[in-house]
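Below is one structure, written out as structure tokens; comments come after it.
Per chain, numbering begins at 1; letters A, B, ... match sequence-line order. Computed from a predicted structure; not experimentally measured.
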Amino acid sequence: MSPRALATRVDRDRMTMKPELAALITTALEQLVSQGVLAGLPDAAPQIDRPKDPSHGDLSCNIAMVLAKRAGIAPRDLATQIIDTLPDNTLIDRCDIAGPGFINFFVNASHHTGVVRTILESGSDYGKSDSGAGRQVQVEFVSANPTGPLHVGHGRGAAIGDSLSRLLEATGWSVQREFYYNDAGQQINNLALSVQARGQGKGPDHPDWPADGYQGGYIEDVAAAYMAGDSVQAADREITGAADLDDLDAIREFAVACLRREQDQDLQAFQVVFDKYFLESSLYDSGAVEETVTTLQAAGHTFEDQDALWLRTTDFGDDKDRVMRKSEGGYTYFVPDVAYHHNKWQRGYQRVINEQGADHHSTITRVRAGLQGLNVGIPEGWPEYVLHQMVTVMREGAEVKLSKRTGGYVTLRDLIDWVGCDATRYFLVARAPTSQLTFDVDLALARSNENPVYYIQYAHARCVSVLRKATEIAGDAHVSAGLAHLARLDEPETLSLAISLGRFPEVVANAAERLEPHDVANYLRELAADFHSFYNAHKVLEGVPETMQARLALVAATRQVIASGLALLGVSAPDAM
RNA sequence: GCGGAAUUAGCUCAGCUGGAUAGAGCGCCGGUCUACGAAACCGGAGGUCGCAGGUUCGACUCCUGCAUUCCGCGCCA
């Protein structure tokens, strides 16, 4: 029977250990309050930790120390009273009081091994929760300008943003992934001028080369395609090169289509899919930009100075006021930005997360200020931001600064070509976004446990290999049969693997809550290590049948959790390597 | 100068809303296959958590100051 088939069984109590214990302790505290020992309950639920040292039990609680002072009782004495008052239960085998007043709980082994049943019954649903309750959240990420191929920074944004989206989905949110296309600003004119210049045979060294022209080799490709009358499929329409170097509008349209297509192909190779592409130009077409300006003026947050129109962002915490409309008449970028975010709000997204490079940090205050100025009820901290720091690429001990395609920055495509999609995604998401990231190409290519991607994927392949072998020996009934013998999973390596499997729902919930997907990457590394230790210590396909069956069930559960965890990172879980 | 981020073992990094003797991989030293995949495992050495104060039962974690590195600071996006 497959794990899928098992999932039809009665839905078990999926409550994890921490809240279960917290409830027991709260009951005890209520009892102590009614006995007059305590004056009242604490404000928050008791804090339950997993101690690092196994001799401190499976779970520990500091509540006695927290309440001791207010109760006028020594922490250790209060701990004793809490333990004595704890209701009867099957979760806890015994408790200790340790150090200054920690209560250490030793969980009944059947609760550890029982997770195997839960995992096999839940299948890919194991680890998911519904804390999001189906609420909508929009995640905007990548949002690169269509002026060149995606660089490694966009890659990091793509990896983090997509993984965040997956985490939010796993915790019950309804997620919309959006890409904002800056197709209307000055940089697009520079793009068109650059293509025009290339079409005229000029290079960056030519005296008439545009001032802020794009110098990458890809511009030559675009110019050549334009002159050859090639057709480019971009989003919903097809653009054909007009081959007319005087028609700047035609060049612009064609060039944007070319680069947009290239970015789409990069994202496809990176396994990232967006629900919506939002075009900046549409904000001008719909009048939303004008409307934003009018609204801000009407609200009295603007002033004119030196022929320019300014927004008094200092009223909303900015360190200086910002120009909205330049003296030459055009708008600065942040006006459409405000209009865009207002549009998100109007679309009903009460929660919006923007994932961007930290070099855009200064826009946060500005955009939020503009939104506050609109006075339409948008909360001060809206939208949320996740900022990632820079990525540098190392290869053979030296920083890589050049890319063939761009002549400059290293592209996402370069990384995918060098190390593959899986390794690229893993490495770009495995560090805290706030940390600068060094992408070591040689490490990502290594096929040993110095490379976490292969280490984790290898653990998955090993699981599959053992399960396959077991099926060859005696069909596929072993796994389900093992559920009756989980008590045999009692060796230290086996139990610690089971305990790690039991942590998965906490890890997912916590990573989603904190918007930090790298927690999942770290967890998987540890889980794989636990599995490899178990695997080396105990032969699965030997010994008495009941033990073998129980271990097979454990292996099947491990395979499921590794696969589910990797899926949250957008990394594949191969059956063989 | 202002704002943001960072500073933990030789290297690359974890450290969950403050919790017990600060963890992992690599590298280094030493072990484990007539094989359920050794792409693995086991053991050892290695740290004043940038510095100095403060908060408290308790600080890598919170607060203040300082130092260093990175990123922003345009009528660019």
Side-chain angles (χ1 to χ4, degrees), chain A residues 44 47 49-53 55-56 60 62 65-66 68-69 74-75 98-102 104 145 147 182 184-188 190 212 280 305-310 318-320 322-334 336-337 357-365 387-390 392 394 430-438 440 443 446-452 454-455 457-459 461-462 464-470 473 493 506-507 510-511 513-514 516 518-519 521-522 525-526 528-529 531-542 548 551-552 555 576-577:
Chain A
Q47 180 184 329
D49 290 316
R50 290 181 182 265
K52 295 168 203 154
D53 186 341
S55 73
H56 293 148
S60 83
N62 64 355
M65 291 180 289
V66 173
K69 188 178 252 182
F102 291 103
N104 293 334
N145 293 337
T147 54
N182 287 107
Q186 180 59 36
Q187 79 284 358
I188 297 297
N190 291 339
D212 296 313
E280 180 189 8
D305 186 39
Q306 297 174 4
D307 298 327
L309 182 68
W310 297 68
D318 206 354
D319 55 351
K320 53 183 166 187
R322 306 291 170 176
V323 171
M324 295 171 67
R325 190 174 57 226
K326 297 176 272 186
S327 50
E328 46 89 347
Y331 294 115
T332 57
Y333 75 95
F334 100 94
D337 258 15
D359 53 342
H360 288 81
H361 178 266
S362 56
T363 70
I364 296 177
T365 312
L387 302 178
H388 65 261
Q389 296 286 329
M390 286 188 65
T392 53
M394 299 288 287
R431 302 290 186 224
T434 51
S435 292
Q436 289 177 47
L437 176 68
T438 302
D440 186 333
L443 178 64
R447 310 225 153 196
S448 67
N449 73 353
E450 68 187 301
N451 183 345
Y454 285 95
Y455 186 81
Q457 289 184 325
Y458 178 52
R462 260 187 160 173
V464 172
S465 175
V466 174
L467 293 166
R468 189 191 302 123
K469 203 133 205 165
I473 294 170
E493 299 84 1
E506 286 170 33
V507 170
N510 202 32
E513 169 79 27
R514 302 198 305 149
E516 296 196 334
H518 72 283
D519 288 350
N522 290 328
R525 183 70 182 69
E526 290 162 16
F531 174 72
H532 287 310
S533 292
F534 156 77
Y535 183 89
N536 278 275
H538 306 287
K539 294 282 183 190
V540 175
L541 299 176
E542 291 178 7
M548 179 184 79
R551 286 176 179 165
L552 279 170
V555 171
M577 303 180 68

Rounded at 0.5 Å granularity, tell me how far CE in A/M394 sits from OG1 in A/T438. 7.0 Å

Answer whether the closest heavy-atom distance between the side chains of A/T147 and A/N190 falls below 4.5 Å. no

Could you tell me how far B/A24 sits from B/G65 if I compare only their C1' atoms? Round to whole Å. 34 Å

Find the distance between CG (A/N145) and CG (A/N182) and round it off to the nearest 0.5 Å. 4.5 Å

On RNA chain B, nearest-nucleotide positions of A/R525 versus A/R431: which is more 5'? A/R431

Generate the contact string for nucleotides 15-21 of chain B. Rules: B means base contact, S means sugar-phosphate contact only, - means no protein heavy atom under 4.0 Å. SSB-BB-

Minimal non-hydrogen separation, A/E280 against A/G185, with atom names: OE1-N, 4.0 Å

Would A/Y535 and A/F531 count as a close aromatic pair, with their ring centres under 6.0 Å? yes

How far apart are the closest heavy atoms of A/V323 and A/A308, and which atoms are they? CG1-CB, 4.2 Å

Name the orientation of the base relative to the sugar in B/C51: syn if the glycosidic angle is within 90° of 0, else anti. anti

Do you know the tightest heavy-atom contact between A/S327 and A/Q306? CB-O, 3.9 Å

Could you tell me how far B/A40 sits from B/G27 if I compare only their P atoms? Round to whole Å. 10 Å

Straight-line distance of A/D307 CG to A/E328 CD, nearest 0.5 Å: 11.5 Å

Would you kindly give the CG-to-C1' distance between A/L443 and B/G25, to the nearest whole Å? 9 Å

Any non-hydrogen side-chain atom of A/V540 less than 4.5 Å from a side-chain atom of A/F534? yes

Tell me, for nucleotides 33-39 of chain B in 5' to 3' order, what letter each nucleotide earns: B for a base near a protein heavy atom under 4.0 Å, S for only sugar-phosphate near one, - for neither? ---BBSB

Shortest non-hydrogen contact from A/R551 to A/K539? NH1-O, 2.9 Å

Between B/A9 and B/G44 - C1' atom distance, rounded Å: 15 Å

Could you measure between the two C1' atoms, the one in B/G46 and the one in B/C2, and give it in whole Å? 41 Å

Side chains of A/T392 and A/Q436: does their closest heavy-atom pair fall under 4.5 Å? no

N/O donor-acceptor pair under 3.5 Å between A/S533 side chain and A/E493 backbone: no

If you measure from CG on A/D49 to NE2 on A/H56, what distance do you get to the nearest 0.5 Å? 12.5 Å

Nearest-angstrom distance from the residue atom CZ of A/F531 to P of B/C41: 11 Å

I would like to know whether A/L387 and A/T434 meet side-chain contact (heavy atoms from CB on, under 4.5 Å); could you show each step before the answer? CA-CA 7 Å; A/L387 302 178; A/T434 51; over 6 Å; no

Is the shortest heavy-atom distance from the side chain of A/H532 to the side chain of A/Y458 under 4.5 Å? yes

For B/C26 versus B/C73, give the span between their P atoms, rounded off to a whole number of Å. 41 Å

So does A/S435 get a side-chain nitrogen or oxygen closer than 4.0 Å to the phosphate oxygens (OP1/OP2) of B/U7? no

What nitrogen or oxygen pairs link the protein and nucleotides 42-45 of chain B at under 3.5 Å?
residue, atom, partner, partner atom, Å
B/C42, OP1, A/S533, OG, 2.7

5' to 3', nucleotides 68-76 of chain B under a 4.0 Å protein heavy-atom cut-off (B base, S sugar-phosphate only, - none) gives --SSSSSBS

Paired and unpaired positions of RNA chain B as dot-bracket, Watson-Crick or G-U wobble under 3.5 Å, | denoting a partner strand: (((((((..((((.....[...)))).(((((.......))))).....(((((..]....))))))))))))....

On a heavy-atom basis, which atom in A/N451 and which in A/L443 lie closest, and how many Å separate them? ND2-O, 3.0 Å

Using atom P of each nucleotide, how far apart are B/U21 and B/G58 to the nearest Å? 13 Å

With A/D319 via side chain to side chain contact (heavy atoms under 4.5 Å, CB included) - residues at least two apart: A/R322

Roughly how many Å apart are B/U61 and B/C29, using the C1' atom of each and rounding to a whole number? 34 Å

Please state the C1' separation for the pair B/C13 and B/G72 - nearest whole angstrom. 25 Å

